[in-house]
Protein chains: 2
Amino acid sequence: MPTRTIQAIPGLPIASVERETGLSKDTLRVWERRYGFPTPERDANGERLYAPLQVRRLAQIKRLMDRGHRPGKLLALDEAALLALDELPSAAQATPGDEQLDAWLNLVKTHDSEALQQAFHREMAKRGMARFVQDIVAPLIARVGAAWSRNELGIFEEHLFSQHLEKLFRTTLANMAPQTGHPRVLLTTLSGEEHTLGLLMVEALLVVEDAYPVLLGPQTPIDEIVRAASLKQVDAVCLSFSSAYSPALAAQGLRDLRQRLPGDTQLWAGGYGVKPIRKPIDGVCLVPEFQDLFDCLAGWRSAKDSKPAV
Amino acid sequence: MPTRTIQAIPGLPIASVERETGLSKDTLRVWERRYGFPTPERDANGERLYAPLQVRRLAQIKRLMDRGHRPGKLLALDEAALLALDELPSAAQATPGDEQLDAWLNLVKTHDSEALQQAFHREMAKRGMARFVQDIVAPLIARVGAAWSRNELGIFEEHLFSQHLEKLFRTTLANMAPQTGHPRVLLTTLSGEEHTLGLLMVEALLVVEDAYPVLLGPQTPIDEIVRAASLKQVDAVCLSFSSAYSPALAAQGLRDLRQRLPGDTQLWAGGYGVKPIRKPIDGVCLVPEFQDLFDCLAGWRSAKDSKPAV
DNA sequence: TCGGCATATTTGTCCTAGACAAGTTGTTGA
DNA sequence: TCAACAACTTGTCTAGGACAAATATGCCGA
């Protein structure tokens, strides 16, 4: 068993830094050229070796960029200013939320898996699925995201939280076993959007409303969505966009998909990622809030009633 | 089943090809330079646009490389020879349940969700979890991947198949509810590796062996893995790598992680992605096959017995 | 004062082409 | 038959240069 020597780490090669920070090799090199940071050492072969401290700072800068800051500014700042930014101005931090949500956020922070799982089950039984999703889960996810960007909890806690929710929804849904129901709705995301939780929440809401969701998982290319819609004979396709997804990309993707989908197949788009889309897209139903999903559903049903035979 | 028609898009940019095939941009460019394949068009700006057919072939070549073939040979072959290679020598896996697997593959191709789900449950009950995973699920996943590379089924079928497996494992695991057991094993993947199925299979095997898995989900940065291991007090960390993950990156990541993890915490690495790693890494247990997982487990338990008090 | 539009800057990704180390294969000699 | 050495293969790194998409800034008219 090797004794761990602290100083023994000369530095990380560029590939490791890419993996750890999510900044591409090209970006790392071009930052060094343009801004003079980072300043990696070189090994005998002239290849970059990044000091662990700089890697840490790069990760911090990446986090701030995800909050909307621009690299040009961030890279000019020194250590202290960076930390100050990290603490302070996370936009809508002052959500005057319930104490209950705060209590739950605390369970997430302390990785109290058992308590969290129990609380979830209790609250779902108490409120019913629809209200549970809208009043608890969705706000809590937003809360956790905000806390992460404020560096109050790490990726580890966030992953654990996601896993608990996924487990909860999947087991609950498995027991509800929808073998029928209308409309039939295909659930997926476009390539580049990996978040599955939104889909699971929608699936849960659809099931309790006696619709028939077909969960396809994330990241389906557009032509495959079209093929799936046809083969599974769905009445609607529902896409989910997280806030990380570029609104322009989302709008473009929705237009592309709308064009290739049969006219009588509805197209719904939900999630935080569609909120910034101002202009309505022809033939696409934007569902920024879960409440709107019920409107879509009702809309389809009344349309169906007016021309019943298919 | 008719071969699916390739859509008339101009071509994929290099970044998309990297994502789809798992071949790095550098590799794609150097192959073009050295072997004259692939031969992408260029857009108005001189940037590469890869024909969908060539992307498919690149993915096929990658698959064959994971089986041990060398790129120099593969890239010199024509379409027919490549397909022949794809069929033949992998049949070394001529598991006796061959016809059965083919029958199941057919269920995947025809999106017969109900029949597939039923067959899964029946077979799991019949064989028990361990044999079910090793004899059915793992080969079937390989089969589906091969069928995809032969263009016999699309992403849609593959996603649907994955969703069924995920549902199956998650519901089964939820009911087994491990609140105790040893060793405690943290399950996750490095950043860049998104596949969750491997983790779920390992979790299932660990639970039936009376270990205590902690499922963290995919894409955890190294320092967060270290923090999670410490906070959750695990005895081992188990990473999963799919065949798309670059072996060099995997090895580098494992070395990085090994260095930061406490010496008494074991590190296991499994999945198709570790098969091409020849050189053993100091202090890391490579688990290319599920069978080897049991050896790791037994190894830990005998080591623990020899110094019981902790 | 404010919204809309044209211009300027910022920024990530792509390009070429050369180099080299680690791994694999092939050959020679004991 | 097997070890040692040479030759080849192959992925990843290097260096700037270039450009388009995203974002910021300035300007004009209402």
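Values in this document were obtained by computation on a predicted structure and should not be read as measured data. Just so we're on the same page: letters track the sequence lines, and every chain starts at 1.
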Taking the basic N atoms (NZ, or NE/NH1/NH2) and the acidic carboxylate oxygens, is any pair closer than 4.0 Å for [X] and [Y]?
X	Y	value
B/E289	B/K275	yes
B/D256	A/R19	yes
B/E32	B/R29	no
A/E47	A/R42	no

Within the structure shown, what part of the strands sits under 4.0 Å from A/R48 by heavy-atom distance: base, sugar-phosphate, or nothing?
-> sugar-phosphate
Within the structure shown, what part of the strands sits under 4.0 Å from B/D26 by heavy-atom distance: base, sugar-phosphate, or nothing?
-> base
How do B/R33 and B/E47 order along DNA chain C: which one's closest nucleotide is nearer the 5' end?
-> B/E47
OP1, OP2 of [N] versus side-chain N and O of [X]: anything below 4.0 Å?
X	N	result
A/R42	D/dA15	yes
A/R34	D/dG17	no
B/T27	D/dT12	yes
A/K25	D/dC13	yes
A/S24	C/dT13	yes
A/N45	C/dA21	yes
A/Y35	C/dT10	no
B/R29	C/dC15	yes

In whole angstroms, how far is the [atom2] atom of [N] from the [atom1] atom of [X]?
X	N	atom1	atom2	value
B/Q252	D/dG11	CD	P	17 Å
A/I14	C/dT13	CD1	P	13 Å
B/E18	C/dC15	CD	P	12 Å
B/E32	C/dC15	CD	P	8 Å
B/L74	D/dG11	CG	P	10 Å
B/W31	D/dT9	CH2	P	15 Å
B/R19	C/dC14	CZ	P	12 Å
B/K73	D/dC8	NZ	P	13 Å

Test A/T220 against A/T188 for side-chain hydrogen bond (donor to acceptor under 3.5 Å, both in side chains), laying out the working first.
-> CA-CA 7 Å; A/T220 312; A/T188 187; 2.7 Å; yes
Which nucleotide sits closest to the side chain of B/K279: C/dT16, D/dC13, C/dA22?
-> C/dA22
Starting at the 5' end of DNA chain D, which residue's closest nucleotide do you reach first, A/S16 or A/G68?
-> A/S16
B/R70 vs A/G46, nearer the 5' end of DNA chain D by closest nucleotide | B/R70
Working for side-chain hydrogen bond (donor to acceptor under 3.5 Å, both in side chains), residues A/Q54 and A/T39 = CA-CA 8 Å; A/Q54 294 205 344; A/T39 54; 2.8 Å; yes
